[in-house]
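Remarks on the structure that follows.
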Amino acid sequence: MSLLEFIRLILRYWKVLVLFPLMTALVVFFLTRNTIKEYTSDCEVYTGIASGYGITSGENDRVDYFAVNNAFDNLMATIKSRETIEEVGMRLLAKHLLIEKPSYDQISPVNFDHVREVIPESLRKKLIVKGSEELTYFRIESYRRSNQKNEIIEILKKPTEIYSFDKISSNMSALRKQSSDMIDISYKCNDPAACQQTLQIIVDVVIQRYKGIKGSETNNVVKYFEEQLRLSAGRLRKSEDKLRDYSSANKIINYYEQAKFIAESKENVVMDKQKQQMSLQASKAALVQIEKKMNLKKGLLEVNEKIQKLKDQLTDLNYKIANTELYNEDQAKVAKYKSDAELVKRSIRDEVEKQYKLNNTTEGLPRANLLQEWLTNYIGVEENQAKLDVIQKRLDGFDALYTELAPIGSDIKRFERELDVNEKEYLSILHGLNMARLRQQSLEMSNNLTITDSPYLPLEPLPSKRGMLVAVSFIAVFIVTLAVIIAKSLLGKTVQTPGRAEKFTGLHFLGALPNYRSLDKGIIIPKLDEALLSHLSSTIRQHLRSCETDKSKTIIATISSIRKEEGKQFFANKIIPALAERNKEILFLNPKATKLSKNGLITEFPLKDNENFYTAENIEVWMESENLDIKQYGMIIVILKELNKYNLPEGILSSACLNLLLLDSERVWNEADSRALSHFTKSTSGKNLVALNNIEIDRLETIIGEVPKTRSLARRIIKRAITFNFKRT
């Protein structure tokens with residue numbers, strides 16, 4: 001479809017394109033005359049999700065946009081969740097139940113009366129707690145959960161109630177402000193006070209619920225770590241107590257230091273033993289040599305009872321001195337023992353001198369000197385032997401101590417390993433707890449929703465959408481109507497154009513006549529008729545040339561239509577005079593003629609609908625029966641009945657050279673038409689053509705070119721612009 005055809009289509013159906021949309025617009029205008037006024041309020045909330053700073057934030061932290069978008073999606077889901085909106089509805093109801101009288105900034109009179117109507121006074125008294133919206137809300141919540149069906153549940157579920165989930169969710173809008181941390185929340189309602197109150201409650205509830213959700217994420221983790229820390233601390237304390245009790249039972253202060261001290265002490269004692277052994281051997285050797293020099297009889301001193309007693313006393317004192325010095329006991333006691341030892345030594349010396357008064361030895365040496373030296377070595381042997389006995393006893397004590405400490409060391413290592421494992425576990429859990437608390441505090445700081453722009457009380461209602469609805473309805477119906485017209489024109493079965501006529505019938509197109517009743521005043525009808533009839537007559541003559549081989553033979557042509565009222569009579573009355581101008585006499589067999597008449601070369605004969613016409617073998621036989629001379633006429637034109645009656649004069653059709661099928665251009669072609677046409681074409685032997693009647697004047701341009709009519713200069717310019725024809729004529 002070209003642009004020109006599209007414009008002509010609109011102009012052709014302009015009344016329909018205006019009437020239907022206009023009627024629809026009027027209906028919408030009438031239905032919206034009592035539209036309820038609506039008010040809107042909005043607020044802005046800062047989330048801090050993307051740019052918020054927390055304890056764990058760093059200077060070079062990269063923004064995870066996926067996580068940010070996910071966090072905003074979670075927040076939006078929280079805002080629009082059913083529980084959130086139901087809580088908002090119940091808190092709004094609690095606020096309204098506490099209001100004693102309506103006012104612009106509290107509640108409208110309509111909603112005030114409605115609340116008193118849906119909540120009976122008896123129930124209202126049960127629900128409200130004067131001066132406390134929070135307690136009233138808790139009572140409403142408790143009453144709602146008391147059973148499956150009650151007044152509160154009906155209010156929350158009824159879509160028309162301002163407290164219902166459907167009403168609040170449909171009138172609320174929450175959007176992120178571009179890529180910022182801000183969220184714009186708006187709400188509209190027919191009550192300005194309820195509009196502001198609902199929006200404020202939405203923000204408060206969302207903030208509390210969002211904090212609770214974010215807090216629960218870390219609270220569970222913190223509780224887990226606290227419980228594990230408690231259990232781990234118990235295990236650690238138990239391990240410490242076991243080690244303490246075991247050490248206390250075995251008198252262990254510091255096992256490793258004690259073991260080290262014992263080892264070092266034993267090493268020192270071993271060294272002392274070696275020294276004492278060396279000193280003892282030296283004293284014994286010296287004593288033997290002196291006794292040889294003194295030529296003393298062995299046993300004299302030993303036999304002396306008094307010297308033996310003194311010797312035993314000295315041995316005992318030397319043992320005590322060695323033992324006291326080895327264990328680092330009280331120094332005063334050591335000094336006393338030494339003092340006593342010196343007295344015993346002096347007594348021995350005196351006793352020996354009394355018994356032996358010899359002056360010289362066998363070698364001629366002074367006996368007093370040798371006796372003193374002998375006495376010194378003798379006492380030294382006794383002292384060293386006493387010390388050596390003490391050291392040996394000490395060494396035997398070390399062996400017993402090692403035997404005792406060996407299993408204690410193994411047990412202590414086992415206890416310490418257990419303690420170390422429990423301590424590391426405790427420290428690890430403590431670190432996890434600290435990290436969880438840090439995360440908890442960071443979330444509390446960074447996800448703290450803050451109202452930056454509080455909800456306001458709207459003073460003016462929203463502009464009415466009545467005009468927009470009327471305009472939209474008009475445009476929508478106009479578009480739908482235009483679409484239907486275009487679809488009907490392109491996809492419908494209406495004949496309309498010569499091309500579609502050829503497509504539906506399968507016949508060659510002959511010509512067309514316009515709908516003269518709908519012609520514009522500017523159409524020049526004489527010129528139009530001249531052009532159309534000239535085209536029709538010349539086209540018919542071209543098709544009749546094959547029948548004019550025998551000049552003496554009369555040409556037979558038929559005009560038919562598939563249905564009634566397709567204009568056969570009108571078409572024949574137009575075309576026959578044009579054909580008579582250049583032919584011999586024409587016999588026009590007209591079913592609607594009442595009598596035989598002659599007008600110039602045209603003879604009109606009334607064609608009777610009788611059996612003789614349909615059963616005649618050919619046209620000549622029928623004319624003889626009607627006392628007509630076929631040779632008198634150069635052409636015979638016959639108008640046949642409708643083809644859908646399936647009553648065809650086959651004898652007449654077999655004699656026809658040309659058969660013209662006439663169609664109304666506004667008719668709809670269907671399957672029955674195709675079957676009737678097929679039956680008709682099988683009965684004919686001549687050429688079959690199709691012509692259109694009542695065709696739209698604009699479609700004649702495809703047949704005769706530009707339609708003759710008076711056009712203004714502006715119209716001619718517009719047409720040239722539409723058809724892109726800028727060539728001067």
Side-chain angles (χ1 to χ4, degrees), residues 40-54 56-57 63-95 133-134 137-138 140-141 144-145 152-153 156-157 159 161-189 194-223 436 439-455:
T40 184
S41 180
D42 57 64
C43 68
E44 194 172 82
V45 178
Y46 173 75
T47 63
I49 293 175
S51 61
Y53 188 83
T56 59
S57 301
V63 177
D64 187 348
Y65 289 101
F66 179 80
V68 169
N69 292 333
N70 180 264
F72 271 105
D73 290 341
N74 293 338
L75 179 57
M76 292 299 180
T78 304
I79 294 174
K80 299 176 182 179
S81 67
R82 175 173 291 276
E83 289 192 4
T84 299
I85 295 178
E86 286 183 350
E87 182 178 347
V88 170
M90 289 186 288
R91 287 186 178 277
L92 181 63
L93 179 61
K95 179 182 283 293
E133 292 183 13
E134 193 69 19
Y137 160 72
F138 286 133
I140 293 174
E141 171 67 12
R144 182 179 76 96
R145 297 181 181 275
I152 302 300
I153 293 177
L156 296 178
K157 289 186 176 181
E161 294 288 346
I162 62 174
Y163 314 101
S164 68
F165 171 83
D166 294 333
K167 192 73 171 178
I168 296 175
S169 60
S170 62
N171 290 340
M172 179 185 66
S173 173
L175 296 172
R176 182 184 178 186
K177 198 170 184 179
Q178 297 178 353
S179 59
S180 68
D181 278 344
M182 300 295 183
I183 290 181
D184 286 330
I185 305 177
S186 61
Y187 186 75
K188 62 181 179 180
C189 183
C195 182
Q196 182 192 26
Q197 294 163 359
T198 305
L199 188 56
Q200 184 63 55
I201 295 173
I202 289 173
V203 175
D204 294 339
V205 171
V206 167
I207 290 175
Q208 290 301 120
R209 287 180 62 83
Y210 189 70
K211 284 183 178 179
I213 292 172
K214 299 302 289 185
S216 64
E217 294 178 1
T218 54
N219 285 340
N220 294 334
V221 177
V222 170
K223 288 180 181 178
R439 175 67 175 170
Q440 182 183 42
Q441 189 63 31
S442 178
L443 286 174
E444 290 179 359
M445 293 175 63
S446 61
N447 293 316
N448 189 18
L449 303 183
T450 306
I451 302 175
T452 58
D453 191 1
S454 300

_Within the 4.5 Å heavy-atom criterion, are I85 and M172 side-chain neighbours or not?_
yes
*Looking at I162, I152, L156, V88, which one forms a side-chain contact (heavy atoms from CB on, under 4.5 Å) with L93?*
I152
_Heavy-atom check, side chain of I79 versus side chain of Y210, under 4.5 Å_ = no
_From CG (N171) to OG1 (T40), nearest 0.5 Å_ = 9.0 Å
*asked:* Give me the atom names and distance for the closest heavy-atom approach of A94 to E133.
replied: CB-O, 4.0 Å
_Side chain to side chain, I183 and M76, heavy atoms closer than 4.5 Å_ = yes
*Can any side-chain N or O of T198 pair as donor or acceptor with the backbone N or O of C195 at less than 3.5 Å?*
no
*What distance do I185 atom CD1 and I451 atom CD1 have between them, rounded to the nearest 0.5 Å?*
8.5 Å
*S164 side chain to K157 main-chain N or O, any donor-acceptor pair under 3.5 Å?*
no
*asked:* Measuring from atom NZ of K95 to atom CD1 of I201, what distance do you get when rounded to the nearest 0.5 angstrom?
replied: 5.5 Å
*Output the distance between atom OG (S173) and atom NZ (K80), rounded to the nearest 0.5 Å.*
7.0 Å
*Do I202 and T84 come within less than 4.5 Å of each other through their side chains, counting heavy atoms only?*
no
*Provide the closest heavy-atom pair for C189 versus Y187 in the form atom of the first, atom of the second, distance.*
CB-CE2, 3.7 Å
_With side-chain contact (heavy atoms from CB on, under 4.5 Å) as the criterion, how do D42 and D184 come out once you've worked through the C-alpha distance, each side chain's angles and the decisive distance to 0.1 Å?_
CA-CA 7 Å; D42 57 64; D184 286 330; over 6 Å; no
_Distance in Å, I153 CD1 paired with R145 CZ, rounded so as to fall on 0.5 Å steps_ = 10.0 Å
*Minimal non-hydrogen separation, K177 against S180, with atom names*: O-OG, 2.6 Å
_Smallest separation among heavy atoms of S454 and C43, with atom names_ = C-CB, 3.9 Å
*Between N74 and N70, do the side chains contain an N or O donor and an N or O acceptor separated by less than 3.5 Å?*
yes
*asked:* Within the 4.5 Å heavy-atom criterion, are V205 and M90 side-chain neighbours or not?
replied: no
*What distance do R176 atom CZ and T47 atom OG1 have between them, rounded to the nearest 0.5 Å?*
7.5 Å
*Name the one of E141, E134, E86 that satisfies side chain to side chain donor-acceptor pair (under 3.5 Å) with R91?*
E134
*asked:* One pair to check against side-chain hydrogen bond (donor to acceptor under 3.5 Å, both in side chains): D204 and Q200. What are the steps and the verdict?
replied: CA-CA 6 Å; D204 294 339; Q200 184 63 55; 3.1 Å; yes
